[in-house]
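Following: one structure in structure tokens, then a few remarks.
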Amino acid sequence: MERTSLVWLVGLLVAMLVSSGLYWFANTIGLAVATGLVWGTGVATILHIGWHYPSYTTGDEWGDKRWTGLSTGLVTLAATIGVSPTLPVRSELRLGLGFLVVGVGFVGYTAATMAEIERNTA
């Protein structure tokens with residue numbers, strides 16, 4: 001099987017697992033499908049980058065790590081403080097929203113990496 005096909009197959013599998021698990025837990029179809037698509041796309045994109053452009057994985061220098069740290073820190077803050085126990089929704093929905101926020105941050109980071117790759121390889 002070609003790597004590109006394998007990447008999207010793994011992404012589809014992750015999307016289905018996350019969607020079905022979150023739907024089982026939170027019983028909200030829209031949130032489950034959106035979160036599954038976000039995580040499936042993020043996993044497929046990061047595998048694509050790792051296999052086809054290994055030199056674009058984050059380096060060990062401070063210049064590389066500061067942007068990773070900024071995005072990770074802010075997304076984690078939004079998922080833990082923004083979707084905190086004081087939010088007036090049931091805990092299952094709050095957990096699903098946290099997964100969605102973290103997944104969107106993950107996809108944002110991988111999409112920005114792909115944009116940088118296309119700009120530098122064109």
Side-chain angles (χ1 to χ4, degrees):
M1 181 178 275
E2 191 175 316
R3 278 190 176 175
T4 303
S5 299
L6 183 61
V7 162
W8 292 112
L9 182 64
V10 170
L12 181 63
L13 180 64
V14 168
M16 289 174 26
L17 287 172
V18 170
S19 292
S20 61
L22 193 56
Y23 180 71
W24 172 79
F25 190 71
N27 199 23
T28 308
I29 189 72
L31 178 63
V33 170
T35 305
L37 287 173
V38 164
W39 277 97
T41 303
V43 167
T45 307
I46 201 74
L47 288 174
H48 177 78
I49 292 168
W51 280 339
H52 295 287
Y53 307 99
S55 63
Y56 282 91
T57 57
T58 302
D60 294 330
E61 306 280 325
W62 163 247
D64 296 326
K65 294 290 185 187
R66 66 182 171 181
W67 300 116
T68 306
L70 176 67
S71 68
T72 303
L74 288 177
V75 167
T76 302
L77 179 75
T80 56
I81 304 300
V83 187
S84 69
T86 60
L87 196 65
V89 295
R90 62 187 208 276
S91 59
E92 295 86 1
L93 183 58
R94 194 169 40 249
L95 178 70
L97 290 171
F99 276 120
L100 180 62
V101 169
V102 171
V104 168
F106 177 50
V107 169
Y109 186 78
T110 60
T113 302
M114 283 302 300
E116 182 67 17
I117 288 169
E118 285 184 356
R119 185 166 47 128
N120 289 336
T121 58

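Computed from heavy atoms alone, side chains included, the values below leave out hydrogens, waters and symmetry copies. If you read the sequence from its start, that first residue is 1, and numbering goes on from there.
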Scan the side chains in residues 44-52 for donor-acceptor partners under 3.5 Å anywhere in the protein, sequence neighbours excluded, and list what turns up.
from: T45; atom 1: OG1; to: T41; atom 2: O; distance (Å): 2.7

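If you take OH on Y53 and OG1 on T113, they are separated by 12.5 Å, rounding to the nearest 0.5 Å. Of the inter-residue distances, the one linking E92 atom CD with W24 atom CH2 reads 10.0 Å to the nearest 0.5 angstrom. Within the model, atoms CG of N27 and CG of L22 stand 10.0 Å from one another, a figure rounded to the nearest 0.5 Å. A distance of 10.5 Å separates CG in L100 from CG in L37, rounded to the nearest 0.5 Å. Taken from OG1 in T76 to CD1 in I81, the straight-line distance is 10.5 Å, to the nearest 0.5 Å.
The minimum heavy-atom distance between T28 and R90, with the atom names listed, is OG1-NH2, 3.6 Å. The shortest non-hydrogen separation linking A79 to G98 is CB-O, 4.0 Å.
Each of V33 and V18 belongs to its own hydrophobic cluster when Ile, Leu, Val, Met, Phe, Trp and Tyr are linked at side-chain heavy-atom distances under 4.5 angstrom. In the hydrophobic clustering of this structure, M16 does not group with V38; members are Ile, Leu, Val, Met, Phe, Trp, Tyr whose side-chain heavy atoms approach within less than 4.5 Å, directly or through other members. V10 and L12 sit in two unconnected hydrophobic clusters of ILVMFWY residues. Membership requires side-chain heavy atoms under 4.5 Å apart, directly or through other members. Criterion: ILVMFWY side-chain heavy atoms under 4.5 Å apart, direct or through other members. Under it, L93 and V101 are part of a common hydrophobic cluster. There is a path of hydrophobic side-chain contacts, each under 4.5 Å, that joins L87 to V104.
Between the side chain of T110 and the backbone N or O of V107 there is at least one donor-acceptor pair closer than 3.5 Å.
Annotation: ring pair (Phe, Tyr, Trp, His ring centres under 6.0 Å) contacts involving residues 81-107, sequence neighbours excluded, comprise W39-F106.
Residues that satisfy the side chain to side chain contact (heavy atoms under 4.5 Å, CB included) test with L13, not counting sequence neighbours, are L17.
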